[in-house]
Amino acid sequence: MSLSKCVHKLAMAAASWPRLGVPFLSARTEALSCRPKSWSLSASRSICSGFPRITIPASVQQSAGWGLTTASVARPSLLLCNQIQSRHSTSVPSVGQAGALPSMGPVPRKREERPIPQEAEAKTVVTPAWLQEIFFEFRVRTIDASWYLPGENRNPYEEYKKEHVPGAVFFNIDTIADITTDLPHMLPSEAAFAAAVSKLGIKNDSLIVVYDTKGIFSAARVWWMFKVFGHQKVWVLDGGLPKWRATGHPIVSHGTQLELGQEAGDCVRMVYAGQKVEEGKFQAKFQPHLVRSIDDVESNIDTKKFQLIDARGKARFEGTEPEPSDGHRGGHIPGSLCIPYTAVLDPLGSLLPEEELAAVFSNAGLDPVKPVVVSCRSGVSSCVIALALHRLGKEDVAIYDGSWAEWSSFSDTPVETNVAAASA
């Protein structure tokens, strides 16, 4: 089939998907079915990333129902490119060889040679528009890190399979964790983390954008985990999946990567069992200054070497509201500051502007110069506070990984409450 006929079929397919805005956005099926047999499927990928515009003749536009006289289709979106890229890796014939695509313009520079946009270097969170744009030029891997509290009775993996950012892999913080402890989703070993994220297709040079379904919640935990294991090129999608959807970006329920999250958890179990796993392309390097233990926190009650923030809600901090997990005492670690993680987010789940973030911490009595450690119930919402401080330029914030789940499980760890004051 000629290229012109292929473009015609793409145009016809695009006419049935006007709600997605970009003509090529949902023409993946047509693109795969109408290509000549001699083309490899990554040849379609070459069209996506290699040629900035394709001009569609007026006759094609009219037959497709566009009602236009002239038009140029912009480079295809993340949806088409990512789906083709993730499914196929066969080689493309060179120009002049049998089955090769005709030359349609200069070959673009390799992605490795293109500098990342300067604005990304200074940001902790990125917008949906930024992710959509940067995906074309760089090795961006998107991660769905959704997780819910025990009482919410929701299954994040099943929800991920029903709707996710195109090409996103699922990161389960309960299975990519230390399985030798009863504490929830504690940090895994270097080897276990490296094996898991390698299974997810992530390398040391990957650019990573993490999101969740709440706006910013458990995505911050996975962002911090990558930081702990030495990966710097990682950001959080501001507003998460809700904002991605609200701004008109595509949501899908398919992809060959859907089972990788389960397989990553299997890799963790194999590592802890001493079994051999496939050699990965991600090498983890633990950063101990970003993690604190129960001994560190207990000794700090007297030494006061760092400021301790509790990211739980005020009622749980004071001990007037029960913890969501049975058997845990109420209250807080002596000397800690109460800054609920929700205080750094707007009503839609995005980080507050920097000026407002600074005011939140200042009003709570936090000294921006002194070291900071953050705690919460189980090491998830504390990472939202760390994310907010990172946006303000404080990049050395540590997390007490065991948090209240560990602290309150011991009968001899000191606890303060405001129960008497609340009932007076």
Side-chain angles (χ1 to χ4, degrees), residues 78 82 86 124-128 131 140-177 184-188 193 196-197 199-202 208-227 234-247 249-255 257-266 268 311 324-325 341-342 344-351 376-388 399 403 405:
L78 176 151
N82 201 28
S86 64
T124 304
V125 295
V126 297
T127 65
L131 174 59
V140 178
R141 298 310 305 265
T142 49
I143 295 177
D144 187 320
S146 301
W147 177 85
Y148 303 109
L149 292 170
E152 293 183 87
N153 297 318
R154 294 175 63 178
N155 188 320
Y157 178 61
E158 291 301 320
E159 293 183 15
Y160 155 77
K161 289 193 294 184
K162 292 179 181 178
E163 53 178 22
H164 56 266
V165 172
V169 293
F170 184 74
F171 190 112
N172 190 334
I173 64 172
D174 285 329
T175 59
I176 304 179
H185 38 255
M186 293 285 283
L187 278 173
F193 185 83
V197 300
K199 175 58 69 174
L200 295 178
I202 294 170
I208 302 170
V209 175
V210 193
Y211 71 88
D212 61 55
T213 55
K214 287 192 170 184
I216 294 181
F217 183 54
S218 49
R221 169 74 184 187
V222 175
W223 166 84
W224 172 75
M225 291 176 71
F226 274 99
K227 293 286 188 181
V234 56
W235 298 272
V236 170
L237 182 62
D238 203 14
L241 192 65
K243 191 170 184 178
W244 175 266
R245 181 192 293 109
T247 50
H249 293 86
I251 301 289
V252 298
S253 59
H254 55 262
Q257 80 284 2
L258 294 184
E259 303 300 326
L260 292 181
Q262 303 286 70
E263 295 173 13
D266 294 338
V268 172
S325 300
Y341 80 95
T342 52
V344 301
L345 303 175
D346 69 18
L348 297 179
S350 296
L351 272 186
C376 59
R377 187 190 76 89
S378 62
V380 176
S381 59
S382 55
C383 297
V384 179
I385 297 294
L387 186 80
I399 300 296
S403 283

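In what follows, residues are counted from 1 in the order of the sequence shown. Because only heavy atoms are used, hydrogens play no part in the values below, and waters and symmetry mates are left out as well, while side chains stay in.
- Checked by atom type and distance alone, the side chain of Trp244 pairs as donor or acceptor with a backbone atom of Pro250 at under 3.5 Å.
- Below 30°, between 30° and 60°, or above 60°: for Tyr341 and Phe217 the angle between ring planes is between 30° and 60°, a tilted geometry.
- In this view, Trp223 satisfies the side chain to side chain donor-acceptor pair (under 3.5 Å) rule with no residue, not counting sequence neighbours.
- Minimum interatomic distance between Gly215 and Pro242 (heavy atoms only, all atoms of both residues): N-CD, 4.2 Å.
- Shown here are the side chain to side chain donor-acceptor pair (under 3.5 Å) partners of Thr342, two or more places apart in sequence or in another chain: there are none.
- Remark: side-chain polar atoms of Asp212 are paired, donor with acceptor, to backbone N or O of Ser218 under 3.5 angstrom.
- Closest heavy-atom contact between Gly379 and Cys376: N-SG, 2.9 Å.
- Salt bridge annotation for Glu159-Lys162: absent, with no cationic side-chain nitrogen under 4.0 angstrom from a carboxylate oxygen.
- Remark: the backbone N or O of Leu149 is not paired with any side-chain donor or acceptor of Arg377 at under 3.5 angstrom.
- Partners of Asp266 according to the side chain to side chain donor-acceptor pair (under 3.5 Å) rule, which considers only residues two or more places apart in sequence or in another chain, are Arg269.
- Note that the NZ atom of Lys199 and the CD atom of Gln257 stand 14.0 Å from one another [nearest 0.5 Å].
- What you find for Lys243 and Asp238 is that their closest heavy atoms are CD-O, 3.2 Å.
- In this view, Glu163 and Arg245 satisfy the salt bridge (charged side-chain N to carboxylate O under 4.0 Å, His left out) rule, not counting sequence neighbours.
- A 4.5 Å side-chain heavy-atom check between Val197 and Phe226 finds at least one atom pair inside the cut-off.
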Worked verdict on Phe171 versus Ile173 for side-chain contact (heavy atoms from CB on, under 4.5 Å): CA-CA 6 Å; Phe171 190 112; Ile173 64 172; 4.0 Å; yes
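- Contact annotation: the side chain of Met225 approaches that of Pro188 to within less than 4.5 Å [non-hydrogen atoms, C-beta and beyond].
- To the nearest 0.5 angstrom, Leu387 atom CG is 12.5 Å from Ser381 atom OG.
- The heavy-atom pair separating Ala177 from Val268 by the smallest distance is O-CG1, 3.5 Å.
- The shortest side-chain heavy-atom distance between Lys214 and Tyr148 falls under the 4.5 Å cut-off.
- Shortest non-hydrogen contact noted between Thr247 and His249 is OG1-ND1, 3.0 Å.
- Atom CG of Leu258 and atom CD of Glu263 lie 10.5 Å apart (nearest 0.5 Å).
- The line from CD1 of Ile208 to OG1 of Thr142 is 10.5 Å long, rounded to the nearest 0.5 Å.
- Between Ile202 and Ile143 there is a side-chain heavy-atom pair separated by less than 4.5 Å.
- Of the possible polar contacts, none joining the Ser378 side chain to the Ala405 backbone as a donor-acceptor pair under 3.5 Å is found.
- Residues passing the side chain to side chain donor-acceptor pair (under 3.5 Å) test with Gln262: none are found, sequence neighbours excluded.
- Between His164 and Leu241 the shortest side-chain heavy-atom distance does not fall below 4.5 Å.
- With hydrogens and angles ignored, the 3.5 Å screen pairs a side-chain donor or acceptor of Tyr160 with a backbone N or O of Ala168.
- Classification of the Tyr157-Phe170 ring pair by plane angle, with boundaries at 30° and 60°, yields tilted.
- Using a 4.5 Å heavy-atom cutoff, the side chains of Asp144 and Tyr211 are in contact.
- Here the shortest heavy-atom pairing between Arg141 and Leu200 reads NH2-O, 3.5 Å.
- In this structure, the side-chain contact (heavy atoms from CB on, under 4.5 Å) partners of Ala388, at least two apart in sequence or on a different chain, are Val344, Leu351, Leu357, Phe361.
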